[in-house]
Amino acid sequence: MPDMKVNLAGMTMKNPIVVASGTFGFGREYNEFFDLGELGGICAKGLTLLPREGNPAPRIAETPMGILNSVGLQNPGVDAFIKEELPFLRQFDTKVIANISGNTPEEYGIMCDKLAAAGVDMIEVNISCPNVKAGGLAYGTRPDLAAEVTAMARKHAGSVPVMVKLSPNVTDITEIAKAVESAGADAVSLINTIRGMRIDVNTRRPVLKMNTGGMSGPAVLPVAVRMVWEVANAVKIPVLGMGGVAKGEDAAQLMLAGATAVAVGTSLFADPYAAIKVRDELAAIADRQGLASVRELTGGVKPW
Amino acid sequence: MKVERKCKIVEKTRMGDAIYLTLEAGDMVRTSFKGPGQFVHIKCGDAQLLRRPISVCLCSEDEPGDLVSIVFEVRGEGTAWLAEREVGQELDVLGLAGNGFQLEADKRCLLVGGGIGIPPMLGCASYFDRSTAILGGRSADKIILTDRFEVCCDKVMVATDDGSLGHHGFVDALVRQELEQDKDYDYVLACGPKPMLRNVAKAAQEFGVKCLVSMEERMGCGVGACLVCACDMADGSRKHVCKNGPVFDAEEVDWNA
Ligand SMILES: Cc1cc2nc3c(=O)[nH]c(=O)nc-3n(C[C@H](O)[C@H](O)[C@H](O)COP(=O)(O)OP(=O)(O)OC[C@H]3O[C@@H](n4cnc5c(N)ncnc54)[C@H](O)[C@@H]3O)c2cc1C
Ligand SMILES: Cc1cc2nc3c(=O)[nH]c(=O)nc-3n(C[C@H](O)[C@H](O)[C@H](O)COP(=O)(O)O)c2cc1C
Ligand code: FES
């Protein structure tokens, strides 16, 4: 068996597989299927300073090998997370990564203060959620705004590593990646969802009540692999790769492209054990290739 | 405790446009039954990424495996795939999901099922003693399982939109009539299209009888983790059909959403 341990910006994980924010709630539901300690880490549902009820339904549409979602950051707020969900997650031998979204840089700062004091293993700063009209998209699409938010989060996160989650809905993702690296990000994660739309031809209505939504699932994997490759070549900080991972080979592709660790999201909806299967298949691939450590995959692509 | 497992199809029957399947489901009922009205989340082939939620019609603990029956109509690609499955084949099923109509079995209930909302009411009919069933649909061929309801219920009434069977009109007229005549119901339980549920809830409220309804929404995970299956509540909050529902207290629901 190859060594599965990885180190993501100082955070040591027993294996490189984490679950993607927003697809795993706060872990309670999937804990009915398997021990959360099996995972390298858990990116918790995106938090905001105050509770949010999110967008009206329908919030999901199926696409060929993918989905669109427009949940709109429904969450109980950072304080309720710290009080009611964090103690639950802390029982498991896995890393807890809080994911945050704010309307202003100050909100990101306040949330980081609270989460650092409460003790999470990492803070993932979502600057890319395309669903929320205020803020959200703008930070992730402009290098200066992305840098401002990153600097604020870094300043308030104390000793907790800050990972900035990048939006794929940009012309050049490396520009944003470099901007957040300069602003002090300890890691980057990508990709968030890709903006998309589906229309019911009979009713002429968009399937989603918000008209558009964010696309994820196996269909986006090649986009994710390309962007991880570009970003990994542009920055020195480690990359958490995600987007469409459904099997071990998908995770191996993201790692070869430059990811240190990999998140599984939408695939969980088809198979609640998807993350565990990806982990085991990844280990089998590393084993088959005679690697002593799964870490040897990272950045190992041999481009033409 | 929920499970995801392969379930063998042991029975397949056509009922008009609907298909009735019985699945052998291991210990699924023993480990996760909470009350009639729960659902199963079924993988419909490799071409559809998302599972499809289908209500449990009847379920029981059994040997060699628990039995779960479902009834569905073809609406799109997923249910079309499901309709092609045959006895002996296996389905990938996650369940039992959701909360169901969680009441004591001695409650006296007026059960209202509309269209493909009829089958889950059969589970209620066999669970609750002395219930009355009101079954509605567009036309006579949409009224299914009546013989089974007659075995389980004290009384069965039918309404069709086109008058081809039973009362000519909607079920809520029969609900009002029944609640007027019989003041001894503890609950009205309903499953069907949203406009029907709204009307039934209104009728129950007029007579001061508590009403529980089974809601539908598009789903992702089916277990409460992804938050896509939002249902608007009267207090302005949004609950989730797969986890907090599909059964809700009718007074909790925002019927204007
Ligand atoms: C709790 C619950 C219980 C249900 N019970 C039954 C039942 O017992 N019998 C039955 O025939 N149908 C039932 N339905 C509806 C059934 O889920 C849909 O008919 C089915 O998902 C359609 O899938 P499709 O691929 O054939 O259609 P498509 O239209 O191609 O599906 C596209 C997407 O939309 C979703 N979708 C479409 N219609 C619905 C709907 N009405 N509700 C939720 N999601 C939908 C699908 O799941 C899929 O993700 C239930 C729905 C819910 C939420
Ligand atoms: C239903 C749903 C909700 C999501 N919510 C969040 C969120 O709150 N914060 C965030 O940073 N990303 C969120 N995402 C994006 C995922 O974390 C991930 O970046 C994306 O889905 C791509 O990975 P996947 O294809 O494996 O799902 C969400 C995705 C889905 C499908
Ligand atoms: S379908 Fe995921 S929360 Fe209901």
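Below, read A as the first sequence line, B as the second, and so on, with proteins coming before strands; counting in each chain starts at 1. Everything numeric in this text was worked out from a predicted model, so none of it was measured.
One finds the NZ atom of B:Lys43 at 13.0 Å from the CZ atom of A:Phe269 (value rounded to the nearest 0.5 Å). A distance of 6.5 Å separates CZ of B:Arg51 from CG of A:Asp271, quoted to the nearest 0.5 Å. Atoms CE and CD, on B:Met219 and A:Glu62 in that order, are 14.0 Å from each other to the nearest 0.5 Å. Interatomic distance, SG of B:Cys221 versus CZ of A:Phe24, reported as 10.5 Å (0.5 Å rounding). From A:Met65, atom CE reaches atom CD of B:Gln48 across 7.0 Å, with rounding to the nearest 0.5 Å. Here the CG atom belonging to B:Leu227 is positioned 10.5 Å from the CD atom belonging to A:Glu53, to the nearest 0.5 angstrom.
Under a cut-off of 6.0 angstrom, the local environment of CZ in A:Arg90 is crowded, with over 12 non-hydrogen atoms contributed by other residues, nucleotides or ligands. Around the NZ atom of B:Lys194, the shell of radius 6.0 Å holds more than 12 heavy atoms that belong to other residues, nucleotides or ligands. Taking a 6.0 Å sphere around CZ of B:Phe170, one finds it holds 12 or fewer heavy atoms contributed by other residues, nucleotides or ligands. Taking a 6.0 Å sphere around CD of A:Gln91, one finds it holds more than 12 heavy atoms contributed by other residues, nucleotides or ligands. Atom CG of B:Asp46 is surrounded by 12 or fewer heavy atoms from other residues, nucleotides or ligands within 6.0 Å. Environment of CD in B:Glu217: crowded, with over 12 heavy atoms of neighbouring residues, nucleotides or ligands closer than 6.0 Å. Residue-environment remark: CZ (B:Arg30) exceeds the threshold of 12 foreign heavy atoms within 6.0 Å. Counting heavy-atom neighbours within 6.0 Å of B:Lys202 NZ, excluding the residue itself, gives a total of 12 or less.
When all heavy atoms of A:Arg59 and B:Arg238 are compared, the pair lying nearest together is NH2-CD, 3.4 Å. Counting all heavy atoms, side chain and backbone alike, A:Ala57 lies closest to B:Ala230 at CB-O, 3.4 Å. Taking every heavy atom of both residues into account, B:Leu49 and A:Ala270 meet most closely at O-CB, 3.3 Å.
Looking at B:Glu4, the atoms closer than 4.5 Å to chain A (heavy atoms on both sides) sit in the backbone and in the side chain alike. For chain B, the nearby parts of A:Pro58 are the backbone and the side chain; heavy atoms of each come within less than 4.5 Å. Contacts between A:Ser267 and chain B at a heavy-atom distance below 4.5 Å are absent for every atom of the residue. Residue contact with chain A, scored on non-hydrogen atoms closer than 4.5 Å, is absent for B:Ala257. For A:Pro51, no part lies near chain B; criterion is any non-hydrogen pair under 4.5 Å. When heavy atoms are compared at a cutoff of 4.5 Å, A:Phe26 does not approach chain B at all. Using a 4.5 Å cut-off between heavy atoms, A:Ile60 contacts chain B through both its backbone and its side chain.
In terms of non-hydrogen atom pairs under 4.5 Å with chain B, the most contact-rich of A:Gly25, A:Gly27, A:Pro218 is A:Gly25. Chain A forms more heavy-atom pairs under 4.5 Å with one residue of B:Val223, B:Leu50, B:Asp232 than with any other, namely B:Leu50.
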